[in-house]
Asker: 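Below you'll find the structure I mean.
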Amino acid sequence: MPNVLIRDLDPAVHSVLSARAEARGQSLQQYLTGELTQLASRPTLSEMLAELEQRPPQHVPRAAILKAIRDGRRGR
């Protein structure tokens, strides 16, 4: 399994991360592994936009758009 080494981390940042790990009953390594896994699972804006560009365009009827606008104004 690959390893990651972070150099020159601000001591205040390390302290906050260590405290968060301790609050969860985890080691710092376990905590950071979970956080990095979660971060990697979310696409970036550019990744999302690239994916959307690959999708075929979809037609939404004008009446449906107008209804959604009216419903939004009415708070439905």
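Just so we're clear, the structure is a prediction, and the values are computed from it rather than from any experiment.
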Asker: Which other residues end up in the same hydrophobic cluster as Leu66, if Ile, Leu, Val, Met, Phe, Trp and Tyr are linked when side-chain heavy atoms come under 4.5 Å apart?
Answerer: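 Answer for Leu66: none, a lone residue.
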Asker: Indicate yes or no: at least one non-hydrogen side-chain atom of Thr33 is less than 4.5 angstrom from one of Gln26.
Answerer: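 No; the side chains remain at least 4.5 Å from each other.
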Asker: Rounded at 0.5 Å granularity, tell me how far CG in Leu32 sits from CG in Leu39.
Answerer: 11.5 Å
Asker: To the nearest 0.5 Å, what is the distance between CD (Gln30) and CG (Leu28)?
Answerer: 10.0 Å
Asker: What residues, two or more places apart in sequence or in another chain, satisfy side-chain hydrogen bond (donor to acceptor under 3.5 Å, both in side chains) together with Gln29?
Answerer: none
Asker: Is Glu22 atom CD crowded by more than 12 heavy atoms from other residues, nucleotides or ligands, each under 6.0 Å away?
Answerer: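 Incorrect, the count does not exceed 12.
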Asker: What is the distance from atom CE of Met1 to atom CG of Asn3, rounded to the nearest 0.5 Å?
Answerer: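 Met1 CE to Asn3 CG: 9.5 Å, rounded to 0.5 Å.
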Asker: Any chance you could pull the hydrophobic cluster mates of Ile69, using side-chain heavy atoms under 4.5 angstrom and chaining through other members?
Answerer: Val60, Ile65
Asker: Linking I/L/V/M/F/W/Y whenever their side-chain heavy atoms sit closer than 4.5 Å, directly or via other members, would Leu36 and Leu9 fall into one cluster?
Answerer: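 No, separate clusters.
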Asker: Could you report the tightest heavy-atom contact between Ser27 and Ala21, atom names first, then the distance?
Answerer: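 Nearest heavy atoms, Ser27 then Ala21: O-CB, 3.7 Å.
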Asker: Using a 3.5 Å distance criterion without hydrogens, assess whether the side chain of Ser18 forms a donor-acceptor pair with backbone atoms of His14.
Answerer: yes
Asker: Sequence neighbours excluded, which residues qualify as salt bridge (Lys or Arg N to Asp or Glu O under 4.0 Å) partners of Arg70?
Answerer: none
Asker: Under the 4.5 Å side-chain heavy-atom rule for ILVMFWY, direct or indirect, which residues accompany Met48?
Answerer: none
Asker: Of all residues at least two apart in sequence or in a different chain, which pass the salt bridge (Lys or Arg N to Asp or Glu O under 4.0 Å) check with Arg24?
Answerer: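 With neighbours one apart ignored, the set is Glu35.
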